[in-house]
Amino acid sequence: MKRIIEHTEDGSATLFVPELNEHYHSVKGARTESQHIFIDMGLKASAAPQPHVLEIGFGTGLNALLTLEAAEQEKRPVHYTGIELYPLTWEEVDALGYSDNPLFKQLHTAPWEEDVKISPYFTLRKIQADANSDKVLVISDKHDTTHSSLITNTLSLNPDLVYFDAFAPEKQPEMWNEQLFHSLYVSMNTGGILTTYCAKGVIRRMLQAVGFLVERLPGPPGGKREILRATKRTNN
């Protein structure tokens with residue numbers, strides 16, 4: 001899949017995929033968008049003292065980098081799992097110029113399918129898989145251990161936070177479905193938070209249908225008008 005580097009309005013770069021006519025991040029500001037949606041409205045809103053984060057779409061690793069930076073600053077241990085079917089090479093990511101922090105390179109060069117302690121406050125696990133595959137969706141009960149150990153290990157983390165950062169519904173409609181949201185809801189801890197840049201009514205209704213309490217929040221400065229934050233209210 002061909003990818004082209006483009007610069008966004010806040011000066012940070014993103015990747016453009018001509019095949020999908022889609023960008024990895026907002027053209028209004030890649031770093032600004034990620035910071036607002038996933039850190040300010042997600043990580044900082046979580047009451048978990050040692051949050052487990054599950055990202056749907058590891059991509060460029062920008063969300064992981066910002067989470068790592070926040071964990072280091074706040075001295076708040078984070079366990080971070082990223083699911084990505086099509087990993088980028090370090091060379092592709094390095095060209096974006098996101099950070100000269102050597103820990104950022106470690107996020108991308110760390111081995112897959114195992115826990116890697118990147119720093120005292122950040123542990124990473126990368127899973128190369130389709131989050132929408134039958135192996136993921138069949139784990140609707142977090143105590144079910146009869147299926148793929150790879151995916152069971154992913155969802156048995158019982159995330160406190162889900163960063164839902166797949167490509168837009170009109171570009172990747174198979175990723176935005178009620179069954180996947182149900183699997184995520186069931187796996188999450190009570191009080192868990194899911195954040196996403198997509199504020200479409202159909203997505204909001206799907207999240208509500210599986211049990212989430214859904215808020216429409218202001219979008220990032222200069223970017224989207226609204227984003228969604230969904231919270232798990234019960235143990236159901």
Side-chain angles (χ1 to χ4, degrees), residues 1-6 8 12-31 33-34 36-38 41-42 53-64 80-89 92-93 96 108 112 126-140 148 150-151 154-155 159 161-185 187-188 193-210 212 214 216 219-220 223-230:
M1 186 181 295
K2 184 178 180 181
R3 303 176 181 92
I4 300 170
I5 294 177
E6 293 187 359
T8 68
S12 58
T14 190
L15 293 172
F16 175 67
V17 183
E19 181 180 333
L20 298 176
N21 190 30
E22 176 74 324
H23 293 84
Y24 271 66
H25 305 284
S26 170
V27 297
K28 298 294 184 180
R31 191 179 184 101
E33 176 191 55
S34 291
H36 178 81
I37 298 171
F38 301 112
M41 299 297 154
V53 179
L54 174 63
E55 180 180 16
I56 305 299
F58 187 77
T60 65
L62 179 57
N63 296 335
Y80 197 101
T81 300
I83 299 180
E84 177 61 59
L85 184 58
Y86 302 109
L88 298 170
T89 66
E92 289 177 295
V93 175
L96 294 170
H108 288 277
W112 290 70
K126 296 185 294 185
I127 305 293
Q128 186 170 359
D130 180 358
N132 197 42
S133 71
D134 290 341
K135 289 180 180 179
V136 174
L137 296 178
V138 78
I139 307 296
S140 61
S148 165
L150 181 153
I151 300 300
T154 301
L155 293 187
L161 282 165
V162 173
Y163 297 168
F164 203 92
D165 201 18
F167 286 134
E170 60 269 24
K171 307 296 183 180
Q172 202 176 26
E174 69 278 7
M175 290 299 299
W176 304 80
N177 66 83
E178 191 170 315
Q179 194 174 7
L180 177 54
F181 288 134
H182 172 73
S183 291
L184 293 171
Y185 181 86
S187 75
M188 292 173 71
I193 292 171
L194 180 151
T195 56
T196 182
Y197 63 87
C198 183
K200 291 180 179 292
V202 63
I203 304 303
R204 175 172 52 83
R205 289 187 290 273
M206 281 185 194
L207 290 167
Q208 291 172 328
V210 303
F212 284 109
V214 183
R216 286 183 288 190
K224 293 176 63 65
R225 186 169 61 88
E226 291 182 330
I227 63 168
L228 294 181
R229 181 169 67 198

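Once rounded to the nearest 0.5 Å, the distance linking CG of D130 with CD1 of I56 reads 10.0 Å. Interatomic distance, CG of L20 versus NZ of K2, reported as 13.5 Å (0.5 Å rounding). The distance from atom NE2 of H108 to atom NZ of K126, rounded to the nearest 0.5 Å, is 7.0 Å. The distance from atom CH2 of W176 to atom NZ of K171, rounded to the nearest 0.5 Å, is 13.5 Å. Atom CG in N63 sits 8.5 Å away from atom CD in E33 (nearest 0.5 Å). Rounded to the nearest 0.5 angstrom, E226 CD and K224 NZ are separated by 9.0 Å.
Just one of D165, I203, I227, I37 meets the side chain to side chain contact (heavy atoms under 4.5 Å, CB included) condition when paired with C198; it is I203.
Contact of the L228 side chain with the F212 side chain is not registered, since no non-hydrogen atoms from C-beta on lie closer than 4.5 Å. Inter-residue side-chain proximity for I4 and P18 is flagged as met; some heavy-atom pair is nearer than 4.5 Å. L88 places a side-chain heavy atom less than 4.5 Å from the side chain of L15. Counting heavy atoms from C-beta on, the side chains of L62 and Y24 never come closer than 4.5 Å. Within the 4.5 Å cutoff, no side-chain heavy atoms of K28 are placed close to those of P220. Side-chain contact between Q128 and P87: present, with at least one pair of heavy atoms (C-beta onward) separated by less than 4.5 Å.
Contacts of H23 classified as ring pair (Phe, Tyr, Trp, His ring centres under 6.0 Å), with partners at least two apart in sequence or in another chain: F16. Every ring pair (Phe, Tyr, Trp, His ring centres under 6.0 Å) that Y163 has, sequence neighbours left out, goes to F38, Y80.
Here the side chain of S187 pairs a donor or acceptor atom with the backbone of L184 at under 3.5 angstrom.
Closest heavy-atom contact between R3 and V17: CG-CG2, 4.3 Å. Taking both residues in full, the closest heavy atoms of A131 and L180 are given as O-CD1, 3.4 Å, listed atom of the first, atom of the second, then distance. Closest non-hydrogen pair, A30 versus T14, comes out as CB-CB, 4.4 Å. Taking all atoms of both residues into account, the shortest heavy-atom contact from M206 to E178 is SD-N, 3.7 Å. Heavy-atom minimum distance, T8 versus S26: CG2-O, 3.3 Å.
For H36 and Y197, the gap between ring centers reaches or exceeds 6.0 Å.
Under the 3.5 Å distance criterion, with hydrogens and angles disregarded, no donor-acceptor pair is assigned to the side chains of H25 and S12.
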